[in-house]
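A quick write-up on the structure given underneath.
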Amino acid sequence: MIKKHIITCTVIISLLVMAKVFAYNMPQATKNLSKEEKTTTKDTTVTSIEKPLSLMARLSFAEETLPLGDAKVERKMKKILAEFNFDNLQTNRLHRKAAEWFPVIEPILAAYGIPEDFKYVPLVESGLKSGVSPKGAAGFWQFMPATARTYGLKVNSKVDERKNLRKSTIAAAKYIKELYGIFDSWTLVAAAYNVGDGHMRRQIDKQNQDNYFKMKLNHETGGYVYKLISMKEIVEDPVRHGYTAPRGLLAVNESNTQSSIN
């Protein structure tokens, strides 16, 4: 009988000891878990912080980016971008023209599957000048007479549809789409628009190179895409470059932002 009581007491004491040990360990485990959670939260917070993109990293034309780490390209881009700064141009005329022209140009480019960045071509081609070039190019898209006629525009002594924004943009969209079928690169298309597809094809074959930024081209064509990127930059982010965009352009940009969100 005494033996049974001793066994019972021993079991009870053992259970009490185990309960105390368990109770002691529980707060410790909770404390450790809390520390681990804090560490995890802290680590997650640190890794989620991203550095802002550099100027070169965020510049592009028709989603084709500049080759990063190329010092020569970077110097050229900064030089041409500086030429479009308000301190050099001293005019908001480009922004006024963008506000007037873009609502006509954008839907036409979209209908033909042309990247929206090509809307900056008329600003580069005729935004800073007017009239007919020494070679005979004229209008918003600076078409030569023969090219204009090829893509459906009337050019004669009585009518010059190169000066009609809607009609000339349709002609330009057809031409640009045809060029893309040849070059399969929007930067090369832009360069070919400037210098002609025949010349561009010869240069690609001669240099065995089809990356616009790595090609050696004449001064005007070699800087053409850089000018388009610069025009895009000052129109989309005017304040950074010393401009004050007119209300019309701000409304256009706001509408484009809403469309991209929807």
Side-chain angles (χ1 to χ4, degrees), residues 47-89 94-95 98 109 113-129 141-142 172 175-243 245 253 256 260:
T47 53
S48 65
I49 296 172
E50 295 180 1
K51 291 182 179 178
L53 288 175
S54 66
L55 176 64
M56 292 300 110
R58 65 186 180 83
L59 295 179
S60 66
F61 179 76
E63 298 187 358
E64 293 182 25
T65 56
L66 285 75
L68 296 179
D70 190 318
K72 186 177 179 181
V73 169
E74 188 167 338
R75 281 196 305 271
K76 190 171 184 176
M77 185 70 253
K78 286 181 177 178
K79 179 178 180 292
I80 295 178
L81 185 58
E83 291 172 1
F84 281 82
N85 194 287
F86 183 78
D87 289 341
N88 287 325
L89 294 184
L94 294 170
H95 291 85
L109 294 179
I114 309 298
E116 194 174 283
D117 283 357
F118 277 88
K119 69 187 180 184
Y120 298 105
V121 169
L123 286 181
V124 169
E125 290 285 347
S126 58
L128 292 171
K129 57 182 182 287
W141 293 83
Q142 287 291 289
Y175 182 37
I176 291 167
K177 190 169 185 177
E178 187 176 298
L179 289 174
Y180 187 74
I182 298 169
F183 297 104
D184 195 32
S185 161
W186 293 116
T187 48
L188 290 178
V189 166
Y193 187 93
N194 174 257
V195 78
D197 60 296
H199 180 85
M200 223 29 226
R201 276 185 283 189
R202 287 192 294 274
Q203 288 302 313
I204 290 170
D205 293 339
K206 181 181 177 181
Q207 299 180 36
N208 194 29
Q209 175 64 265
D210 61 359
N211 184 323
Y212 169 81
F213 296 103
K214 296 183 181 297
M215 294 182 72
K216 294 179 180 178
L217 302 165
N218 68 65
H219 180 73
E220 184 182 350
T221 307
Y224 192 70
V225 175
Y226 292 88
K227 288 181 180 179
L228 291 173
I229 293 172
S230 298
M231 188 67 75
K232 174 184 175 182
E233 177 69 10
I234 68 162
V235 169
E236 292 188 353
D237 194 358
V239 177
R240 179 192 290 268
H241 303 283
Y243 296 87
N253 286 340
N256 289 341
S260 63

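All values below come from the heavy atoms of this structure, side chains included, with hydrogens, waters and symmetry mates left out. Remember, it's a predicted structure, so these values are computed and weren't measured experimentally. All residue numbers in this chain count up from 1 along the given sequence.
Rounding to the nearest 0.5 angstrom, the gap separating the CD atom in Glu125 from the CG atom in Leu228 is 8.0 Å. Of the inter-residue distances, the one linking Gln209 atom CD with Gln203 atom CD reads 11.5 Å to the nearest 0.5 angstrom. Distance CG/Leu66 to OG/Ser60: 8.0 Å, rounded to 0.5 Å. For the atom pair Phe84 CZ and His241 NE2, the distance stands at 11.5 Å (nearest 0.5 Å). Rounding to the nearest 0.5 Å places CG of Leu123 at 9.0 Å from NE2 of His95. To the nearest 0.5 Å, the span separating CZ on Phe61 from OG1 on Thr187 amounts to 8.0 Å.
Of the possible donor and acceptor atoms, none in the side chain of Lys214 sits under 3.5 Å from a partner among the backbone N and O of Pro67. At distances below 3.5 Å, not a single donor-acceptor pair connects side-chain atoms of Glu233 with backbone N or O atoms of Leu59. Of the possible donor and acceptor atoms, one in the side chain of Tyr212 sits under 3.5 Å from a partner among the backbone N and O of Val225. Asp210 places no side-chain N or O within donor-acceptor distance of the main-chain N or O of Ile204, the cut-off being under 3.5 Å. Under the 3.5 Å distance criterion, the side-chain polar atoms of Asn218 are matched with a main-chain donor or acceptor of Thr221.
Using a 4.5 Å heavy-atom threshold, the side chains of Glu63 and Pro115 count as separate. By the 4.5 Å heavy-atom criterion applied to side chains, Tyr224 and Val121 are counted as neighbours. For the pair Met215 and Met200, the minimum side-chain heavy-atom distance is below 4.5 Å. By the 4.5 Å heavy-atom criterion applied to side chains, Met77 and Phe213 are not counted as neighbours. Taking the side chain as every heavy atom from C-beta outward, Asp70 and Met56 never approach each other to under 4.5 Å.
The only member of Tyr193, Tyr175, Phe118, Trp186 that meets ring pair (Phe, Tyr, Trp, His ring centres under 6.0 Å) when paired with Tyr180 is Trp186. Each of His199, Gln142, Lys227, Glu220 was scored for a side chain to side chain donor-acceptor pair (under 3.5 Å) with Asn194, with one residue passing: Glu220.
Tyr226 and Glu83 are not linked by any side-chain donor-acceptor pair at a separation below 3.5 angstrom, with hydrogens and angles left out of the test.
Taking both residues in full, the closest heavy atoms of Ala98 and Val235 are given as CB-CG1, 4.4 Å, listed atom of the first, atom of the second, then distance. Heavy-atom minimum distance, Gly222 versus Lys76: O-NZ, 2.9 Å. Nearest heavy atoms, Asp237 versus Arg58: OD2-NH2, 4.2 Å.
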Give the intermediate values and the outcome of side-chain contact (heavy atoms from CB on, under 4.5 Å) for residues Ile234 and Leu94.
CA-CA 9 Å; Ile234 68 162; Leu94 294 170; 4.0 Å; yes

